[in-house]
Structure formats: C-alpha cells, structure tokens
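Below is one structure, written out as structure tokens; comments come after it.
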Number of protein chains: 2
Amino acid sequence: MKNKAVTIKDVAKQSGVSISTVSQILNGNKDKFGKKTVENVLQAKTDLKYEPDYFARRMIMKKSKTIGVLVPDITNPFFSGVIRGIEAGLYKENYATLLCNADLDNQKESAYLEELSRRGVDGFIIASSNISNEAINKTLQAKDRPFIVIDQKKAEGFSDAVLTDDFQGGTLAGQHLQKLGHRKIAVLMPSNPPENVKQRFEGFKDNFELSDLTVIDTDLTKEAGQKAVESILRTSATAIFAVNDEIAFGVYRGLAEAGKTIPDDYSVVGYDNVDMCEYMQPQLTTIAQPIFELGQTTAELLLERISNSDKEWEEKHLPVQMIERNSTTML
Amino acid sequence: MKNKAVTIKDVAKQSGVSISTVSQILNGNKDKFGKKTVENVLQAKTDLKYEPDYFARRMIMKKSKTIGVLVPDITNPFFSGVIRGIEAGLYKENYATLLCNADLDNQKESAYLEELSRRGVDGFIIASSNISNEAINKTLQAKDRPFIVIDQKKAEGFSDAVLTDDFQGGTLAGQHLQKLGHRKIAVLMPSNPPENVKQRFEGFKDNFELSDLTVIDTDLTKEAGQKAVESILRTSATAIFAVNDEIAFGVYRGLAEAGKTIPDDYSVVGYDNVDMCEYMQPQLTTIAQPIFELGQTTAELLLERISNSDKEWEEKHLPVQMIERNSTTML
DNA sequence: GACTAATACGCAATCGCTTTTATTTTTTGA
DNA sequence: TCAAAAAATAAAAGCGATTGCGTATTAGTC
C-alpha cells in the first residue's frame, strides 16, 4: 500500500551521490557533471521510477504550470470549442487546464475565481459574460496574476486581449438580411447583454430603421430562443437575428412547433458557427467566429505574458466571416 | 509587484502568538485555544488577507483536492454533459476538476494520464473509449490512486463503476423499430467499438434476423454519420440505428443531402439523448442516458472511495429510457 | 613541485505549512 | 498552601524538493 516513498533522497542513495547532485542533473544541468555520475543518477531514477514530488517542487518554483479556465456553460458548443482550443494551446507547452464551469451562476463564478487563485494557477482565462469588471479587478488584478477575458473588451489596460470584431460581425449579418430585402427584423438578445453581444447589435442595427427592429429579451440559450418565438409571431418581422447559434436553434424548434417554415416564413441568422449549424435543417446562415483559434490564441498569448511579464499589453484580433447557408432567403 | 509575502509567520507576528497556534486555529482546532487568542488570529488573518500557501499545504497533507478528468472529445455534447455533472458533484465537496481533452488521440491520452498522476490528483475519472485496460493498469492501478472509468465495464475488481444498462438500451431501440414493422436495419457503429457500444448492439440485434442487419463501420462523430449515408443508401434498410446521437445528426445531414426524408424514407434511432435531439427536425427518437447524473454519480462515488479507501467495490447502475419522438414511424 | 584554475560535487539554508512534543501558565483540590 | 492535573501556547521536527556557495579533487602552468 504505502509504496509512496521514492524521494530524491532514495535516488541519491542508490546512485551514491548527494541530493543536490541528483536535483541538478535531473533538471538539465547534466553537462556540469561527470559522465559516469549522470549515467548513474539517470539509471537510478528509472530503476526506482522516481518522480519529483509535484508539490514540493512547486512550493519552491512558485509556478504551477496550470491555467485556470472559467466558463459559464460547458455544454454550450461555443464554449466547449473554445476550451478545446485553449487546451490544445496549453498542452503544447505542458500546461494543464483547471476547468471551472460556473453554470451560469454568478456566485459560483466568484467562488471559483477565489479557489483558482488559492490554488496558485499561473494565469486565468475567463470566458464569461457575467463576471463583472469589479470581480475581475478584485480577485485577479489584485493578485497580480495574468489573465485574459475572452472576447470581451473588459479590463482594458490591465490585460492582454483576444477579440473578434463583433461590430463587423453584426454588420455582416445586417447587410446580408438587408440585401435580401428584409426590413422588419426581430433581434433576439438578452436585455442586459455582455459587451461583445452589444457590439453585434450595434453593427447590426445600422442597416435598418431603428423602428423596424424589435428586440426581444432572450437569454443565450436554446430554451430562451424557443420561447422567444411566441413574441416573434406577434411582430411583423420577416427575418430573425439571433445573437448566438444556440438561440437560433431554439428558434428553429419554436418555429417548427408553430408550423412556420425556415426560410420561407422567416429568414434566420445566427452567430458563432458552431458545428451543428451544418447539421440543421435547413443549414443555418451565421456569422463564423474562429472558435478553436479563439481559444488557442488566447492560451498562447497568456503563456507569452507569463514568460515575459512586462511586455506591452497586446490585443489580438481574429476575423469573423459571413457563412451563407440555407436559413435565409430573399423576401 | 512583489506583495506576495503574507505567510503564516506574518499572521503570527501580527496577532502576537506563535506560528503553530495560528495554524491550529485556522484549521479548525479553535476550541483548544483561548477565546481572545482565536479572535486575534482571525482578525489578523482577515486584516492581512492571509491565504495559506496551497503547495506548502498540500506537500504535507498529501491531498490535492483535485480530480483528474479525461475525456476523448469535449465538444461532444454527451461528454460535456457528463463533465458538467462531474463538476457539479465535485464542486459540492470543494474538489477541483483538472480537465484533459484527449482529442481522440491515444498518445495524448496516455501522456495526460501520466501528467495527472505526476500532479498528484486524488483520483481519476476517465471517460474514454480508447484507453486500454493496459494503460489503466499501468498508470493508475500501479499508483494506487482511485479511479472510475465512466460507463465502461473495464478494470473490474480494481475500481468502482457507474454503468448504464447498454444492453437494455439496445434492446429498447430494437424493440421499438421492430414493433414499427422494420426488418431491414442499418446499424452505424465503429468496427472496433468500446465495450458499452458493443453491448448496445448485442441488445439490439436480438430483435432481428442477423442477416437483415447491415453494420456500417462508423466512428462516433457527426462527420462519420454523414459519410455513412452513402453506404446506407446501397442497402435495403428502412431504418437506421445510430449508436450515438452524434452519428444520428450526421445521418440527418447526409440523408437530407441525398434528398431522403426522415422518417418517411428512413426511421432513425439515436442513443444518448443529448439536448440537441429535441431541436432537430424531426426531433430524434433516441435512448436516453442520464447524462448529468452519470457524471455526478461518478464524482460522488469516487469521492466516497477517497474518503474511505477500503470499502467494498461498488457498482452503480443508472436507468436508460426510450424517448419516442418523430424520427421513427411505422413502416 | 608549488600554485592557480577548472571541474565535480556536497552542505545546508530555504520554501510555508502541519503536527508532535515540550514548556509554561493556570486551575484545581485536599 | 502546594503539588498535580489541565489548559494554553511555543518550539522544533519534518514534508521533498531547489540552489547558492563552499570544498575537494584534478588538471594546467611555469
């Protein structure tokens, strides 16, 4: 049971050298030592299956090689896609991902932030719409640990950022619908939207008469999208702009239940371009964000910052793109 | 910058007692000390915003309060759902989730297992079809750390298990199709399926003449499902059994592109009952697994094991259920 | 052959905390 | 009143590594 005892000491004893020598050799200073010694130590290490104790090590190094990642909802394919990107970016550099799923719960979000910080992660990636600047400042900035808030222009001047051009994305969506002849549009978004969503709307609305736009308060979920259909039907809208794909999927369902057809009765445009878009019937026209890259780039940028903590704040921009499929049609 | 210095020593000094007293008080032995002393220490702690150093602490305690979770593909909604469950289960007990996404890559999987072990996680939850018993034995059993392989009857006698009755699930799917009058069925599954998938097939096939079943080699992804349609069309099948919902979604797309209609041309049955099933057109008939509970139960069971490492191996069974929707119809 | 300069390695401090043991102070009771 | 028991706190021993600095051994130089 308690075979838990292979320490550096054992390796030292086995190879007949001192602890410090073992440590040195195992940490790359091979060349500083006699060929024979190095060999012995390495041999002993493998014989004994020695692994340096993670905690003892980290205590001294003050680095955990771990990044805390906080997302609001891991079951949302946008976020799971981002996580996949993050994870890929971190894995390359041998960093681990400490994942926290806030479950759309503000309190859990803060609790997690604290916990991550307590656990000494080397940096944070936060993909959350809810988290307030205040919480960020309080918990993160104070601790002087690098962090990036994904796709949100918050904490300006305190962190790097990876952004997509949400305004442009909104514009593209608007232009598309407008070109197809639609004038009356139902826009589905939360009444208190996160910054990036707000930008989407800003870009979108410029293509229309403001009075032709009906904004329907809709959470960023499928359920909310479905529920919003009821309201949509009461408008004279001919097209729907859902500020994320999840909402759009909900709309598909709601519309189907109401006996309406896409795109004949309503054109619908989503946002994100998650995998499922192509598997819907009809395939969803949407604005593509480079989801995987968003995660990966963020991870890389954060890692850069960690290894060089006083470089200039950097802001990376990723492109968005209109993906025209079959959920929209000429009026 | 380097304000990183609040140690237990500072708290001790500030409150005029010794280090050990502070430690004791902060770790629950309050009652052993004078009322006044306790108060002072607590005060000093909050004044100084003292947080015990995670690593120093763990080095002694030999517990990391962290569970390593390994999944093959986080973007698969089944897995992200399971993770959400796990995460919820662990959060309640203040355990953290160290997430690893193997990305369907066997090598990455092993590498992660090693890394997790090095990082001293207290236990593992593995949701992977690929991982071999061998790898499990080698890395996990050897280290004598508790683990559970989700929904796979592997490592029997070495670990607890949380299982769903895949055989029964397969049976339900088969019975359903058979009752509707279908005889010729295309079954979409990998040629080298993980144990649970194999069971689904076993349960399924008993309802039919073996010669009426065409098994088409299909990975557990949407893309593979779509691609399989080509083969399906060459059979005389009137119904399709996809061993997970992802495949079924792929089939939807493939069938649509081939100009076929569900359920009129083909009835299709999926497996898992992920959220999206209800949002497809037509809604997907499927076998429901309690995805969230699967994760949560696993987490709880693992935690029980950790706190009581020599109780009997336990095997929990979760129910499956036929969810009849609109993707199947009478022949 | 004596002295300096590399070369190869070990000593011991340190990291921040927990825990066991020891010490001091207070209380108790006959 | 005074020793013994109890209560309150302090001292010290790790935990398992890393690391700066010191020392012994060997090689190089004249």
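In what follows, chains carry the letters A, B, and so on, assigned in the order in which the sequence lines appear, proteins first and then strands, with residues in each chain numbered from 1.
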- Name the nucleic acid region contacted by B/K62, choosing base, sugar-phosphate or nothing; use a 4.0 angstrom heavy-atom cut-off, strictly under. sugar-phosphate

- Relative to the 5' end of DNA chain D, which residue comes earlier, B/A56 or B/K35, by the nucleotide with the nearest heavy atom? B/K35

- Query: Between B/T66 and A/R119, does any side-chain donor sit less than 3.5 Å from a side-chain acceptor?
  - Reply: yes

- Message: Taking 4.0 Å as the cut-off, does a side-chain nitrogen or oxygen of A/S20 come that near to OP1 or OP2 on C/dC9?
- Response: no

- Query: Would one find a side-chain N or O of B/Y50 under 4.0 angstrom from OP1 or OP2 of C/dC17?
  - Reply: yes

- What integer distance in Å separates B/R58:CZ from D/dC15:C1'? 14 Å

- Query: Has B/R57 got a side-chain N or O lying under 4.0 Å from the OP1 or OP2 atom of C/dT18?
  - Reply: yes

- Query: Tell me: CG of B/N27 to P of C/dG16, nearest whole Å?
  - Reply: 17 Å

- Note on the structure: Rounded to whole Å, the CE-P distance (B/M61 to C/dT20) equals 10 Å

- How about A/D10 and A/Q14: does a side-chain donor come under 3.5 Å of a side-chain acceptor? no

- Nearest-neighbour nucleotide for the A/F33 side chain, C/dC9, D/dT18, D/dG16 considered: C/dC9

- Nucleotide C/dC17, atom P - distance to CD of B/E51 in whole Å: 10 Å

- Between B/I60 and B/G16, whichever has its closest DNA chain D nucleotide further toward 5' is B/G16

- Item | Main-chain N/O of A/P52 paired to B/R118 side chain as donor or acceptor, under 3.5 Å | no

- Query: What's the CZ-P distance between A/F55 and D/dT18, to the nearest Å?
  - Reply: 15 Å

- Task: Write down the atom of B/S80, the atom of B/I74, and the distance for their closest heavy-atom approach.
- Result: CB-O, 3.5 Å

- Message: Tell me the interatomic distance from B/I19, atom CD1, to C/dT21, atom P, rounded to whole angstroms.
- Response: 19 Å

- Message: I need the OH-P distance between A/Y54 and D/dG16, as an integer number of Å.
- Response: 17 Å

- Message: Is there a side-chain contact between A/R58 and B/R58 in this structure, where contact means two heavy atoms from C-beta onward sitting under 4.5 Å apart?
- Response: no

- Message: Side-chain N or O of B/S18 versus OP1/OP2 of D/dA10: is the shortest distance under 4.0 Å?
- Response: yes

- Item | Residues within residues 36-44 of chain A bordering DNA chain D, heavy-atom distance below 4.0 Å | none

- Between B/T7 and B/D53, a side-chain donor and acceptor under 3.5 Å: no

- Item | Donor-acceptor pair under 3.5 Å, B/S23 side chain vs C/dC17 base | no

- Report, as yes or no, whether the 6.0 Å neighbourhood of atom NZ on A/K311 holds more than 12 heavy atoms from other residues, nucleotides or ligands. yes

- Item | Atom-pair distance (CE on B/M59; P on D/dC15), nearest Å | 10 Å

